[in-house]
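Structure first, then comments.
Each chain gets a letter, A, B and so on, in the order the sequences are listed, and its residues count up from 1.
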There are 2 protein chains.
Amino acid sequence: MIRISKKVEYALMALKFISQSDNKLVTAREISDTKKIPYDLLSKILQKLKNENILLSNQGTNGGYSLNKRTDEIYLFNLMNMLDGDIALADCMHETKEKECSLEDSCSIKSEVAKLQKEVEDVFKNKTISDFV
Amino acid sequence: MIRISKKVEYALMALKFISQSDNKLVTAREISDTKKIPYDLLSKILQKLKNENILLSNQGTNGGYSLNKRTDEIYLFNLMNMLDGDIALADCMHETKEKECSLEDSCSIKSEVAKLQKEVEDVFKNKTISDFV
DNA sequence: TCAAATAGGACTATATTAGTCCAAATTAGA
DNA sequence: TCTAATTTGGACTAATATAGTCCTATTTGA
């Protein structure tokens, strides 16, 4: 199916929320409560975004998260790759071909699927968080 | 994740195969053998395509399938809808909103996701089987 | 030293996708 | 008219991916 995962959905909501909390640190709990996002799942997502340098974090009392990039520097395409792994319309389209396609020899549609993949990627490469704010 | 299902993948291969077998009826077994596609699954797909008037079928000995439309009249977008159900980047994007979104009230990204969905749909609406042949 | 917060591993549950099995109906041809 | 080739289609199982939970450790400000 063609869909955006919950992880990415939640990340978009969280990033938008943080971007609108001018410079104040925002806690996972705040976002979870306001946006009705499962706390533990959201925590994981925020941690990931921190590790990917999208967010800055402060531990401990009064801690929280803040943006480490401008909203127009955060591409949806990259978020999707970070959170869901690389986008591959078919198994043979993974960047690192960890999954060999058993149809390889008989497959007759690969090159066109590759084009398609590029076009879909372009849609996501042309969206940043600023489009959602 | 953003991916094309096996069903659609197999449908593309099968339709391409049939379109290249000039007018001769093609059996599910032939396609399955040549393209290494699980027979039962392929059968289901061909049946579906027949019910959707993409294919014509003849039962019995010497039976098989043939195209009921020109390749440039068969849109990838429609294939995907037939085989996988309607494309919805997020739950709230289903045409028939059978799945209510529990975040509805707190959701702040819906309108932008809708735009995104339209752009992705357009990619698939602009591809037909003739692009794969 | 306590409470608020992030960090992160391990696990479970749910949903989706892929694939299999079986029996029925149809039909051409021997 | 019998048989084999074929489509038809329901019911089921298996595999995989996604979503969500639980628990404990670490950091830090007051």
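- The side chain of A:K50 contributes an N or O atom lying less than 4.0 Å from OP1 or OP2 of C:dA7.
- What separates CD1 of B:I87 from C1' of C:dT16 is a distance of 16 Å, to the nearest Å.
- Taking side-chain N and O atoms only, A:N51 has no distance below 4.0 Å to OP1 or OP2 of C:dA7.
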Treat primed atoms plus P, OP1 and OP2 as sugar-phosphate and everything else as base, then score nucleotides 22-30 of chain D 5' to 3': B for base contact with protein heavy atoms under 4.0 Å, S for sugar-phosphate contact only, - for none.
BB--BBBBS

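- Considering only residues two or more places apart in sequence or on other chains, A:K48 meets the salt bridge (Lys or Arg N to Asp or Glu O under 4.0 Å) condition with A:E52.
- Residues satisfying the salt bridge (Lys or Arg N to Asp or Glu O under 4.0 Å) test with B:K69, not counting sequence neighbours, are none.
- Considering only residues two or more places apart in sequence or on other chains, A:D72 meets the salt bridge (Lys or Arg N to Asp or Glu O under 4.0 Å) condition with A:R70.
- One can place CG of B:L42 at 14 Å from P of C:dA18, the figure rounded to the nearest angstrom.
- Of the side-chain N and O atoms in B:S57, one or more sit less than 4.0 angstrom from OP1 or OP2 of D:dT8.
- Comparing A:P38 and B:R29 by the nucleotide of DNA chain D whose heavy atom lies nearest to each, the residue mapping closer to the 5' end is B:R29.
- Distances shorter than 4.0 Å separate some side-chain N or O of B:Y10 from OP1 or OP2 on C:dG19.
- The salt bridge (Lys or Arg N to Asp or Glu O under 4.0 Å) check on B:D122 picks up B:K118, with sequence neighbours excluded.
- Looking at A:K127 and B:E119, a side-chain N of the basic residue comes within less than 4.0 Å of a carboxylate O on the acidic one, giving a salt bridge.
- For B:Y65, the listed nucleotide lying nearest its side chain is D:dT8; candidates were D:dG9, D:dT8, C:dT20.
- Between A:R3 and D:dA19, a side-chain N or O to OP1/OP2 separation shorter than 4.0 Å is present.
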Show me the donor-acceptor pairs, under 3.5 Å and distance only, between side chains in residues 14-23 of chain A and residues at least two apart or in other chains.
| residue | atom | partner | partner atom | Å |
| --- | --- | --- | --- | --- |
| A:K16 | NZ | A:F132 | O | 2.9 |
| A:K16 | NZ | B:S108 | O | 2.8 |
| A:S19 | OG | A:K16 | O | 2.8 |
| A:S21 | OG | A:F17 | O | 2.8 |

